[in-house]
Amino acid sequence: MKFATVAATAFLASSVSAGLFSTNSVSIYDDNFPVPGENPLKHCQDPAEDVLDVISVDLNPNPPRPGASLDIVATGYLKKDVEDGAKIHLQVKYGLITIVRMTRDLCEDVKNLELECPLKKGELKLAKSVDLPKEIPPGKYTVQADVLSKDEETITCLTAQVEFKRGGADATLVKQDV
């Protein structure tokens with residue numbers, strides 16, 4: 001469970017670091033919408049109408065490794081201001097089992113990233129480091145973060161899959177068949 005919390009935090013940091021984020025289920029994403037940079041992230045759907053244009057998200061190491069520090073560097077461009085009341089819907093699955101499902105206040109979470117609401121239109125940059133526990137249970141993890149404005153407009157929706165091997169070996173990225 002500690003890994004789930006750390007994984008959720010790491011994914012949340014990478015999602016929020018690119019800027020910000022209605023669903024309660026992990027969707028099958030389209031390989032036509034990868035997030036630019038060194039990362040396993042995909043947009044949940046065509047991001048053309050999203051408030052946030054994700055320019056890049058880089059993870060180091062990519063894929064993440066148990067017991068290692070995960071460094072996240074992200075840039076994005078907000079097409080309009082994001083005000084108090086924005087929400088992040090986050091879900092983490094271990095195989096088919098949902099281990100985390102939560103809704104967070106975006107403006108509370110961005111304070112941890114040295115940002116504050118309202119987030120103003122324009123470029124956003126962030127660098128964040130998250131320590132991953134050494135004892136990550138082997139298996140496939142699927143994470144989805146859906147970020148909505150206070151008016152329920154999609155800011156962004158991101159998803160990723162990472163598989164950790166038995167014995168603490170490096171993770172591998174999982175290509176999801178559509």
Side-chain angles (χ1 to χ4, degrees), residues 1-27 29-30 33-60 64 69-93 98-132 141-162:
M1 192 55 115
K2 180 178 179 187
F3 170 71
T5 304
V6 171
T9 302
F11 189 76
L12 186 59
S14 66
S15 300
V16 173
S17 69
L20 337 177
F21 315 132
S22 91
T23 70
N24 284 330
S25 64
V26 173
S27 66
Y29 54 86
D30 189 328
F33 304 118
V35 172
E38 295 295 319
N39 65 71
L41 300 170
K42 305 280 184 192
H43 291 279
C44 302
Q45 68 274 333
D46 184 349
E49 300 298 317
D50 291 357
V51 172
L52 175 67
D53 178 17
V54 178
I55 297 168
S56 71
V57 177
D58 293 315
L59 304 181
N60 186 22
S69 182
L70 176 63
D71 297 321
I72 304 158
V73 177
T75 58
Y77 185 85
L78 284 174
K79 298 173 188 172
K80 59 173 78 171
D81 291 354
V82 173
E83 300 178 2
D84 283 325
K87 299 286 182 202
I88 303 164
H89 301 283
L90 182 69
Q91 180 171 285
V92 179
K93 284 190 169 190
T98 300
I99 57 175
V100 174
R101 181 179 290 160
M102 68 175 103
T103 298
R104 309 271 310 189
D105 181 295
L106 177 69
C107 292
E108 285 298 314
D109 283 350
V110 297
K111 290 177 185 176
N112 298 325
L113 303 171
E114 299 179 18
L115 298 170
E116 41 183 84
C117 285
L119 294 167
K120 296 294 186 184
K121 175 182 174 179
E123 188 175 61
L124 291 171
K125 293 182 179 185
L126 180 94
K128 180 77 176 168
S129 184
V130 179
D131 292 327
L132 297 179
Y141 294 83
T142 305
V143 183
Q144 180 172 320
D146 193 4
V147 185
L148 301 174
S149 72
K150 70 177 184 174
D151 299 323
E152 299 291 314
E153 186 175 12
T154 298
I155 296 169
T156 193
C157 181
L158 301 174
T159 188
Q161 282 193 347
V162 177

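Numbering starts at 1 and runs along the sequence shown.
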Considering only heavy atoms from C-beta outward, does the side chain of [X] approach that of [Y] to under 4.5 Å?
{"X": "K150", "Y": "D84", "value": "no"}
{"X": "V162", "Y": "P64", "value": "yes"}
{"X": "L59", "Y": "L70", "value": "yes"}
{"X": "Q161", "Y": "P40", "value": "no"}

Review point. Any chance NZ of K121 has more than 12 other-residue heavy atoms, nucleotides or ligands included, within less than 6.0 Å?
Key: no
Roughly how far, to the nearest 0.5 Å, is [atom2] of [Y] from [atom1] of [X]?
{"X": "C107", "Y": "L119", "atom1": "SG", "atom2": "CG", "answer": "6.0 Å"}
{"X": "R101", "Y": "K93", "atom1": "CZ", "atom2": "NZ", "answer": "7.5 Å"}
{"X": "D58", "Y": "N39", "atom1": "CG", "atom2": "CG", "answer": "7.0 Å"}
{"X": "H43", "Y": "T159", "atom1": "NE2", "atom2": "OG1", "answer": "11.5 Å"}
{"X": "T156", "Y": "L41", "atom1": "OG1", "atom2": "CG", "answer": "9.5 Å"}
{"X": "L106", "Y": "K87", "atom1": "CG", "atom2": "NZ", "answer": "9.5 Å"}

Review point. Of D109, D146, D105, which is the lone residue that meets side chain to side chain contact (heavy atoms under 4.5 Å, CB included) with I88?
Key: D109
Check your understanding: Considering residues at least two apart in sequence or located in another chain, which fulfil the salt bridge (Lys or Arg N to Asp or Glu O under 4.0 Å) criterion with E38?
Key ->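 So E38 forms no salt bridge (Lys or Arg N to Asp or Glu O under 4.0 Å) with any residue.
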Heavy-atom closest pair, residues [X] and [Y]:
{"X": "C117", "Y": "V110", "value": "SG-CG2, 4.2 Å"}
{"X": "H89", "Y": "T103", "value": "ND1-OG1, 3.0 Å"}
{"X": "P47", "Y": "F33", "value": "CD-CD2, 3.7 Å"}

Exercise for review: Begin from the C-alpha positions of V143 and L90 and carry the test side chain to side chain contact (heavy atoms under 4.5 Å, CB included) through to its verdict.
Suggested key: CA-CA 7 Å; V143 183; L90 182 69; 4.0 Å; yes
Exercise for review: Return yes if some donor-acceptor pair links the side-chain N/O of D46 with the main-chain N/O of A48 below 3.5 Å, else return no.
Suggested key: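 Side chain of D46 to backbone of A48, a donor-acceptor pair under 3.5 Å: yes, one is there.
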**Study point:** Derivation of the side chain to side chain contact (heavy atoms under 4.5 Å, CB included) call for L78 and K120
**Key:** CA-CA 7 Å; L78 284 174; K120 296 294 186 184; over 6 Å; no
Practice item. Run the numbers on D50 and T154 for side chain to side chain donor-acceptor pair (under 3.5 Å), then give the verdict. Key: CA-CA 5 Å; D50 291 357; T154 298; 5.0 Å; no
